[in-house]
Amino acid sequence: MPPRELAQLLLENMEKADWLERVEIAGPGFVNFFLRAGYNQSVVEQILQLQEQYGCSEIGRGQKILLEFVSANPTGPLHVGHGRGAAYGATLANLLKATGHDVQCEYYVNDAGRQMDILATSVWLRYLDLAGEKIQFPSNAYKGDYIWDIAATLHREHGEDYRIDAAQVFANVHADAPNGDKEKHIDDLIDNAKQLLGSEKYRFVFDLALNTLVDVIRKDLSAFVVEYDVWFSERQLTEQGLVEQAIERLQQNGHVYEQDGALWFRSTAFGDEKDRVVQRDNGQTTYFASDIAYHMNKFDRGFDHLINIWGADHHGYIARVKAALTALKYPADELEILLVQFANLYENGEQVAMSTRSGEFVPLRTLREDVGNDAARFFYVMRRADQHMDFDLSLARAQSSDNPVYYVQYAHARICSVERQCVEQSISIDLDGIDLQKLDNKHEQAVLKQLMVFPERVNRSAQRREPHIIINYLRELAQHFHSWYNAHKFIVDDPALCNARVALALATRQVLKNGLTLMGVSAPEKM
RNA sequence: GUCCCCGUGGCACAACUGGAUAGCGCGGCUCCCUCCUAAGGAGCAGGUUAGAGGUUCGAACCCUCUCGGGGACGCCA
């Protein structure tokens, strides 16, 4: 049936609603609904009544979601690369909560594994240096200033307790790069450290480094208005035997085979490109094995749905994790993995050079101090997360209309100013007796229409996991408001008109604030 | 080499997932403060949605190919 005919049919069979003025068919078959005059004005009363609840919904009621994001290795402070995932995750959590989901935010702490051993050894070597030993620092060790800080703490509080003769430390160690193998070099040093210090002392250094850095990360995130409910320890997973259990279960189901001394999970049977090692020939379980155990554990804790926010470079891991869950009869479809692309920093039109190799990542803290929390949070989620973005530092820093954050915040501040003016001029606003019919010019209609669609935008933003929808919404709302503000005075002689306009302005302010709050951005009363 | 993502005015991005005349911001050019914050507003110029086919009432969006950019392909974490 041609669209226009179908539209006609719909129209003929439609019930009349009191909010409906008329219905028309247009273009190739669109059905246009015309609202009764005055209908959309009622949104003002609705907003002023619901306040911070306006925009919230219950579409996610009953769904328990575990949202895991950032989960960077605690081997150093967070850098700007982590910032996007942090901002995106925190914002998504806000959106999901606003739409009625039961959300738990979790940070997976990779506190086990070789990287952490390298970290502990790095700290210990710096400590030995401070204690007076002559140390040739390994090329593959962590070199940041924070390593010195931790070492200094160890030295200050425990003096010579952890001192060992450098000759012993470097005994029977493979040569370092460039002539030797830097990986073997550091691994040998780790072995020596464990042996010379003994497990108890080694663990102490290890935990000191770990706890210090987790604390640094926690504070970094907290200052960025990113809060977690649970910090989940990978080591705990191993120590509770869950990793072993996971491998055993795979074995019992016949999904594991041995080859070249290692244990392999036959992930190809579940759509992966190649099989994956879960236990190395030296007996150590792999990171992947921990991941399997971790995801089983998430489901075992009773969550209906899991969301992981990963860097786009982890794309290849999706198939294998889902394969493992499928093999173990877990609902792999309920594991949703959102990939976040990297953000390139630009300064005055030039890309800020960054590389993992040289460790020249700009710390997240530096960015925060530079452009401020609001701009950083806003900019990070301004673009779709799954696409590359250019982060313009100069623009984010700019305290001008060019800066979209200020543009939106300014609208909020302006309305606060209007309210102050009312108080100053002893004009009382009667929110119960608003003559909404007064709001009839095109600017006011535009604002009203925009206010009305906020709840549906919040829902869409949450369902599609796309916070930028709200960012765009706020920019549009601010735009309509500024335009209106410039065209008409709110505080006018006609009391009914004045009352209606200020009420609309206050409703606008409420929605701006609700939206900004969802984005983790402040809504200033003065600028 | 295999696989994944992307390509929209000079720049950076939207487009309610297949709908009406493809929008917004920067940048460029004009204008607007005896007036509630000019951190604002009004307007002009700028597009064959990388290119070529196809699917249908209709395509930036779906399919195929070409070109161009990015990423992933370890007994690393």
Side-chain angles (χ1 to χ4, degrees), chain A residues 1-6 26-30 32 72-73 75 110 112-118 183 234 259-264 273-274 276-288 290-291 311-319 339 341-342 344 346 349 382-384 386-392 394-395 398-411 413-422 424-425 427 443 453 456-457 459-461 463-464 466 468-469 471-473 475-476 478-479 481-492 498 501-502 505 524 526-527:
Chain A
M1 186 184 297
R4 277 197 74 103
E5 266 182 51
L6 183 63
F30 297 103
N32 289 335
N73 284 348
T75 53
N110 293 113
R114 182 165 170 267
Q115 293 304 317
M116 291 307 299
D117 280 321
I118 295 178
E183 304 293 346
E234 178 189 359
Q259 189 182 308
D260 305 328
L263 290 182
W264 297 70
E273 287 175 359
K274 58 169 293 203
R276 310 290 175 179
V277 172
V278 287
Q279 187 168 24
R280 294 204 265 159
D281 57 3
N282 64 8
Q284 270 192 336
T285 54
T286 59
Y287 176 88
F288 175 48
S290 299
D291 247 351
D313 55 333
H314 283 66
H315 176 263
Y317 298 93
I318 300 175
L339 297 179
Q341 293 286 347
F342 298 117
N344 293 314
Y346 279 79
M382 199 159 56
R383 311 296 183 208
R384 291 176 57 115
D386 59 355
Q387 283 176 29
H388 301 271
M389 74 171 285
D390 292 339
F391 193 121
D392 188 335
S394 329
L395 183 60
Q399 308 223 346
S400 74
S401 59
D402 301 348
N403 191 332
V405 192
Y406 285 86
Y407 185 80
V408 175
Q409 289 181 320
Y410 183 49
R414 262 187 159 173
I415 300 169
C416 290
S417 176
V418 169
E419 191 183 42
R420 284 193 294 271
Q421 282 294 321
C422 289
E424 224 168 87
Q425 298 179 31
I427 298 166
H443 294 100
V453 300
E456 103 188 23
R457 293 289 179 95
N459 282 346
R460 190 160 78 224
S461 186
Q463 281 174 319
R464 285 166 52 171
E466 293 179 356
H468 78 274
I469 288 174
I471 296 284
N472 287 336
Y473 171 86
R475 294 174 75 172
E476 287 164 18
Q479 195 166 24
F481 172 77
H482 285 310
S483 184
W484 175 43
Y485 181 93
N486 251 266
H488 300 279
K489 289 215 27 138
F490 302 167
I491 299 174
V492 290
C498 176
R501 283 186 175 165
V502 174
K526 272 185 192 171
M527 287 174 76

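To find a chain, count down the sequence lines: A is the first, B the second, and so on, and within it residues start at 1.
Here A:Gln479 reaches the OP1 or OP2 of B:G25: one of its side-chain N or O atoms lies under 4.0 Å away. Taking 4.0 angstrom as the limit, A:His468 places a side-chain polar atom (N or O) nearer than this to OP1 or OP2 of B:A15. Applying the 4.0 Å criterion to OP1 and OP2 of B:A77, one finds that A:Thr286 has every side-chain N and O outside that range. Residue A:Gln463 has no polar side-chain atom (N or O) positioned under 4.0 Å from OP1 or OP2 of B:U17. Look at A:Tyr407 and you'll find a side-chain N or O under 4.0 angstrom from OP1 or OP2 of B:G41. Phosphate proximity of B:C26 to A:Arg475: absent, as no side-chain N or O sits under 4.0 Å from OP1 or OP2. Under 4.0 angstrom from either OP1 or OP2 of B:G74 there lies no side-chain N or O belonging to A:Arg280.
Glycosidic conformation at B:C73 (O4'-C1'-N9-C4 for purines, O4'-C1'-N1-C2 for pyrimidines): anti, more than 90° from 0. In B:U66 the base sits anti relative to the sugar, since the glycosidic angle is further than 90° from 0.
A:Gln259 comes within 4.0 angstrom of a base, heavy atoms only. Using a 4.0 Å heavy-atom criterion, one finds that A:Met389 contacts the sugar-phosphate atoms exclusively. Among the heavy atoms of the strands, none lies under 4.0 Å from A:Tyr346. Among the atoms of the strands shown, only primed sugar atoms or phosphate atoms (P, OP1, OP2) are found under 4.0 Å from some heavy atom of A:Asn73. Residue A:Ser483 is classed as a sugar-phosphate contact, given heavy-atom separations below 4.0 Å to backbone atoms only. Residue-level contact check: A:Ala72 touches neither bases nor backbone, having no heavy atom under 4.0 Å from any strand. Across all strands shown, A:Asp392 has no heavy atoms under 4.0 Å from either base or sugar-phosphate atoms. Here A:Ala413 lies in heavy-atom contact (under 4.0 Å) with a base. Note on A:His488: a base of the nucleic acid sits closer than 4.0 angstrom, heavy atoms only.
When both distances must be under 3.5 Å, the Watson-Crick or G-U wobble mate of B:U64 is B:A52. Base pairing annotation: B:C3 forms a Watson-Crick or G-U wobble pair with B:G71, both donor-acceptor distances under 3.5 Å. For B:U30, the paired nucleotide is B:A42, the pair qualifying as Watson-Crick or G-U wobble because both relevant distances are below 3.5 Å. When both distances must be under 3.5 Å, the Watson-Crick or G-U wobble mate of B:U17 does not exist.
A:His482 contributes no side-chain N or O that, together with a main-chain N or O of A:Val408, makes up a donor-acceptor pair within less than 3.5 Å. Remark: side-chain polar atoms of A:Ser461 are paired, donor with acceptor, to backbone N or O of A:Glu466 under 3.5 angstrom. A:Asn73 places no side-chain N or O within donor-acceptor distance of the main-chain N or O of A:Thr75, the cut-off being under 3.5 Å. Between the side chain of A:Trp264 and the backbone N or O of A:Gln259 there is at least one donor-acceptor pair closer than 3.5 Å.
Distance A:Met382 CE to B:C24 C1': 12 Å, rounded to the nearest Å. Spacing between atom CD1 of A:Ile469 and atom P of B:A15 amounts to 7 Å, rounded to whole angstrom units. Across the protein-nucleic acid pair, A:Asn110 atom CG and B:C76 atom P stand 16 Å apart, rounded to whole Å. Taking atom CG of A:Asp313 as the reference point, atom P of B:C76 lies 18 Å away to the nearest angstrom. In this structure, the CG atom of A:Asp386 is 13 Å from the C1' atom of B:U17, given to the nearest Å. The distance from atom CD of A:Gln341 to atom C1' of B:C6 is 9 Å, rounded to the nearest whole Å. The OH atom of A:Tyr317 sits 9 Å away from the P atom of B:A77 (whole-angstrom rounding). Straight-line distance from the NE2 atom of A:His315 to the P atom of B:G70: 18 Å, rounded to whole Å.
Of the candidates B:G41, B:C6, B:C36, the closest approach to any side-chain atom of A:Gln421 belongs to B:C36. When distances are taken from the side chain of A:Val277 to each of B:C75, B:A14, B:A77, the shortest belongs to B:C75. Of the candidate nucleotides B:A77, B:G74, B:C13, B:G74 has the atom nearest to the side chain of A:Lys274. Here the side chain of A:Arg383 is nearest to one of B:A12, B:C75, B:C73, namely B:A12. Out of B:C16, B:A77, B:C73, the shortest distance to the side chain of A:Glu273 is found at B:C73. Side-chain atoms of A:Glu466 lie closest to B:A15 of the nucleotides B:A38, B:C36, B:A15. Minimum atom distance to the side chain of A:Tyr485 is reached by B:C36, of the listed B:C16, B:A15, B:C36. Side-chain proximity of A:Lys489 to B:C75, B:U17, B:C36: nearest is B:C36. Side-chain proximity of A:Asn486 to the nucleotides B:A77, B:C75, B:G41 is greatest for B:G41.
Only the C1' atoms considered, B:G58 is 34 Å distant from B:C26, to the nearest whole Å. The same atom, P, is picked in B:C16 and in B:U34; the two are 43 Å apart, to the nearest Å. The same atom, P, is picked in B:G10 and in B:U66; the two are 27 Å apart, to the nearest Å. Separating the P atom of B:U21 from that of B:A38 is a span of 38 Å, rounded to the nearest Å. Rounded to a whole angstrom, the distance from the C1' atom of B:A60 to that of B:G18 is 11 Å. Comparing the C1' positions of B:G7 and B:G43 gives a spacing of 32 Å, expressed to the nearest Å. A distance of about 22 Å separates the P atoms of B:C75 and B:G71, rounded to the whole Å. Taking atom P in both B:G9 and B:G47, one finds a spacing of 10 Å when rounded to whole Å.
Under 4.0 Å is where a charged nitrogen must lie from a carboxylate oxygen, and between A:Arg414 and A:Glu419 no such pair does.
Note on ring orientation: taking the six-membered ring where Trp is involved, the planes of A:Phe481 and A:Trp484 are perpendicular (angle over 60°, cut-offs 30° and 60°).
Inter-residue side-chain proximity for A:Asp313 and A:Leu339 is flagged as unmet; no heavy-atom pair is nearer than 4.5 Å.
Contact of A:Asp117 with B:A77 (side chain to base): no donor-acceptor pair of N or O atoms is detected under 3.5 Å.
If you look at A:Tyr317 and A:Phe288, their ring centroids are not closer than 6.0 Å.
For A:Asn110, the side-chain hydrogen bond (donor to acceptor under 3.5 Å, both in side chains) criterion is met by A:Glu234, not counting sequence neighbours.
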- Could you walk me through whether A:Tyr407 and A:Asn403 pass the side chain to side chain contact (heavy atoms under 4.5 Å, CB included) test, one step at a time? CA-CA 6 Å; A:Tyr407 185 80; A:Asn403 191 332; over 6 Å; no

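A residue-by-residue look at A:Glu476 and A:Ala487 shows that A:Glu476 has its nearest nucleotide of RNA chain B further toward the 5' end. Taking for each of A:Arg384 and A:Arg420 the nucleotide of RNA chain B with the nearest heavy atom, the 5'-most of the two is the partner of A:Arg384.
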